[in-house]
Amino acid sequence: MATTHHQRSGEERRRELLEAAERVVLRDGPGASMNAIAAEAGITKPILYRHFGDKGGLYRALAKRHTDALLRALQIAVDTPGDRRRQVAGTLDTYLAAIEARPQVYRFLMHPADDGAAAGAEQGFDVGRHSAPLLRRLGEELGKVVADRVDLGPRGELVARVWGHGIVGMMHAAGDWWLGERPCGRAELVETLTDLLCGRLFEVPDRPGARPGAGG
């Protein structure tokens, strides 16, 4: 006997709705609306709300889906055999490759729609309210990966958390700028950020005449 709509598990139905939402996000980016997502899924908007509660609930579900996938990829990069520099470069490249491959998804998760909502139109997703927790989760999880793999001494857990959040902050800020301007290729960006993380800042000499606190 064929499986009916009502016999589908809630988890399977939720996955199907998230996949429909992703298709709309890939097409519309930050401008993705609940109306468009419901239409893509072939349901009414009230049914979409029934599954996710509100726009924020759908956003959090999409963010968790993509953050889970990104964290798995980052952990694989960290565990890739090789020296420390290669592991750092691989971690940075994994993050940057993910946002480069699906820029519309990244913009949906991190940026509000550029065009303001028209009068009477559906309000956009409140991205600012949710993107900070997403970055905090990435920072915490990357900190755990660092703590599990590097001996940082008696206060190692705290140091690892600081490093995790610091690395995520750097990746996010640099990646956001790079994705918008594309001033160089991904490989060059990875190499330059790896130089920074691996201590090159403390190896290069000061410019002649430079002095601490000098203005530009």
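Side-chain contact check for Leu179 versus Arg107: some heavy-atom pair is nearer than 4.5 Å. Within the 4.5 Å cutoff, the side chain of Ile43 has heavy atoms near those of the Arg13 side chain. Val24 is not listed as a side-chain neighbour of Phe108, based on a closest heavy-atom distance of 4.5 Å or more. Side-chain contact between Glu19 and Arg65 is present, with heavy atoms from C-beta onward closer than 4.5 Å. Proximity of His51 to Ile47: side-chain heavy atoms (C-beta onward) are separated by under 4.5 Å at one or more points. For the pair Phe52 and Leu62, the minimum side-chain heavy-atom distance is 4.5 Å or more. Within the 4.5 Å cutoff, no side-chain heavy atoms of Leu109 are placed close to those of Val25.
Scanning all heavy atoms of the two residues, the minimum distance from Gly164 to Leu142 falls at O-CD2, 4.0 Å. The nearest pair of heavy atoms linking Met34 to Lys45 is CB-CD, 3.7 Å. Residues Tyr59 and Met110 share a closest heavy-atom pair of OH-N, 4.3 Å. For Trp177 against Leu189, the heavy-atom pair with the smallest separation is CZ3-CD1, 4.3 Å. Taking each heavy atom of Cys184 and Trp178 in turn, the nearest pair found is O-NE1, 2.8 Å. Nearest heavy-atom pair, Gly139 versus His165, reported as atom, atom and distance to 0.1 Å: CA-ND1, 3.6 Å.
Taking CD from Gln75 and OG1 from Thr80, the interatomic distance works out to 11.0 Å, rounded to the nearest 0.5 Å. The CD1 atom of Ile37 sits 11.0 Å away from atom CZ of Arg23, with the distance rounded to the nearest 0.5 Å. Distance check, rounded to the nearest 0.5 Å: NZ of Lys55 to CG of Leu48 gives 10.0 Å.
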Pair Leu18-Glu22, side-chain contact (heavy atoms from CB on, under 4.5 Å): steps then yes or no: CA-CA 6 Å; Leu18 285 173; Glu22 285 188 357; 5.6 Å; no

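Residues Leu26 and Leu58 are members of one and the same hydrophobic cluster, defined by side-chain heavy-atom contacts under 4.5 angstrom among Ile, Leu, Val, Met, Phe, Trp and Tyr. Under a hydrophobic clustering in which Ile, Leu, Val, Met, Phe, Trp and Tyr are joined whenever their side-chain heavy atoms come within less than 4.5 Å, directly or via other members, Leu70 and Leu135 fall into the same cluster. In terms of hydrophobic clustering, with Ile, Leu, Val, Met, Phe, Trp and Tyr side chains grouped at heavy-atom distances under 4.5 Å, Val162 and Val78 are assigned to different clusters.
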Can you give each donor-acceptor pair under 3.5 Å made by side-chain atoms of residues 89-99, sequence neighbours left out, with the distance rounded to 0.1 Å?
unit_1, atom_1, unit_2, atom_2, d
Thr91, OG1, Gln87, O, 2.9
Asp93, OD1, Arg186, NE, 2.7
Asp93, OD1, Arg186, NH2, 3.4
Asp93, OD2, Arg186, NH2, 3.4
Thr94, OG1, Gly90, O, 2.8

Exercise answer: donor-acceptor pairs, residues 166-176 side-chain atoms, under 3.5 Å, sequence neighbours excluded:
unit_1, atom_1, unit_2, atom_2, d
His172, ND1, Tyr106, OH, 3.4
Asp176, OD1, Tyr106, OH, 2.7
Asp176, OD1, His111, NE2, 2.6

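Salt-bridge annotation for Asp195 and Arg85: present, with a side-chain N of the basic residue lying under 4.0 Å from a carboxylate O of the acidic one. With respect to the salt-bridge test (charged N to carboxylate O, under 4.0 angstrom), the residues Glu141 and Arg72 do not qualify. Looking at Glu11 and Arg14, no side-chain N of the basic residue comes within less than 4.0 Å of a carboxylate O on the acidic one, giving no salt bridge.
By the salt bridge (charged side-chain N to carboxylate O under 4.0 Å, His left out) test, Glu140 pairs with Arg161, sequence neighbours left out. Listed by chain and residue number, nothing satisfies the salt bridge (charged side-chain N to carboxylate O under 4.0 Å, His left out) test with Arg86 (two or more places apart in sequence, or in another chain). For Ala147, the side chain to side chain contact (heavy atoms under 4.5 Å, CB included) partners are Ala160, not counting sequence neighbours.
Atom CZ of Arg84 sits in a sparse spot, with 12 or fewer heavy atoms from other residues, nucleotides or ligands closer than 6.0 Å. The neighbour count for Glu188 CD, taken as heavy atoms of other residues, nucleotides or ligands under 6.0 Å away, does not exceed 12.
Within the structure, side-chain hydrogen bond (donor to acceptor under 3.5 Å, both in side chains) contacts touching residues 142-151 (residues at least two apart or in different chains) are Asp79-Arg149.
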